[in-house]
Amino acid sequence: MSIDLKPSSGLNFNDFVKVSADVYPANSISALIRKLFLYLKAKKNKALVQKFSQEINQLGYGHIFQQEPSVFGNLIWPYIHKDWNVVERFSSITNHYSLLKNLPKFLDV
C-alpha cells in the first residue's frame, strides 16, 4: 500500500480510508465501524497526526508509513501503557525512532 505522508505534500486524509482498510481488513459490520472510528479519530486529531508524520519524516523514517501503515492504529490502540493518550503514544513512537537515528550506522534499520 502506498501512502503519501511526506511533510511537503501535506496529509491526505483520503489515505486514512486506505489505512483503515489495512488495519481492519475484514468486511464485517464491526470492521466497518472500526474503520470509521479510526478515520474519525484521525480527522479529529489532524494536527497531531500531521505533526507526528512530519517528525517521523524529518528523522528519515517516513518509509514506515508505507511499510506499516498500521502505525496509525495507535490513534486508538494502547501502546506500551494502557492509560496513555494519543499524544503520549505518538511521542513514544517518535522518541523510539529518534533513538534509532542516534545509533551507529551499522545498526540503523
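It should be emphasised that the depicted structure is a prediction, and the values quoted were computed from it without experimental measurement.
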Apart from Leu99 itself, residues in the same hydrophobic cluster as defined by side-chain heavy atoms under 4.5 Å: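 Same cluster as Leu99: nobody, lone residue.
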Do side-chain atoms of Asn45 reach the backbone of Lys41 as a donor and acceptor pair under 3.5 angstrom?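 Confirmed, Asn45 side chain pairs with Lys41 backbone.
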Is the backbone of Arg89 close enough, under 3.5 Å, to the side chain of Ser92 for a donor and an acceptor to pair up by distance?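 Looks like no, no N/O pair under 3.5 Å.
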Name every donor-acceptor pair, under 3.5 Å, that has one atom in a side chain of residues 71-80 and the other anywhere in the protein, sequence neighbours excluded.
unit_1 : atom_1 : unit_2 : atom_2 : d
Asn74  : ND2    : Val71  : O      : 2.9
Trp77  : NE1    : Tyr24  : OH     : 3.0

Any salt bridge (Lys or Arg N to Asp or Glu O under 4.0 Å) involving residues 47-56? Give me the pairs, sequence neighbours left out, ordered by first then second residue.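 Sorted result for residues 47-56: Lys51-Glu55.
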Taking salt bridge (Lys or Arg N to Asp or Glu O under 4.0 Å) as the cut-off, I'd like each qualifying pair that reaches into residues 64-83, sequence neighbours left out, listed once.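 Passing the test, one end in residues 64-83: no pairs.
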If you measure from OG on Ser28 to CZ on Arg34, what distance do you get to the nearest 0.5 Å?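 Reported to 0.5 Å precision, the distance equals 7.0 Å.
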Given the rule that I, L, V, M, F, W and Y join up when any side-chain heavy atoms are under 4.5 Å apart, are Ile93 and Leu103 in one cluster?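 Yes, one cluster joins them.
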If you take all heavy atoms of Ala26 and Ala31, which pair is closest and at what distance?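 Smallest interatomic distance, heavy atoms only, reads O-CB, 3.3 Å.
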Shortest non-hydrogen contact from Ser98 toward Leu59: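 It is N-CD1, 3.7 Å.
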Please verify the inter-ring angle class for His81 with Trp84; under 30° counts as parallel, over 60° as perpendicular, anything in between as tilted.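 Aromatic pair His81/Trp84 classed parallel.
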Please list, chain by chain and in numerical order, all residues satisfying salt bridge (Lys or Arg N to Asp or Glu O under 4.0 Å) with Lys35, sequence neighbours excluded.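 Lys35 satisfies salt bridge (Lys or Arg N to Asp or Glu O under 4.0 Å) with no other residue.
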Could you pull out all residues at least two apart from Asn85 that satisfy side-chain contact (heavy atoms from CB on, under 4.5 Å)?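 side-chain contact (heavy atoms from CB on, under 4.5 Å) list for Asn85, sorted by chain: Val87, Glu88.
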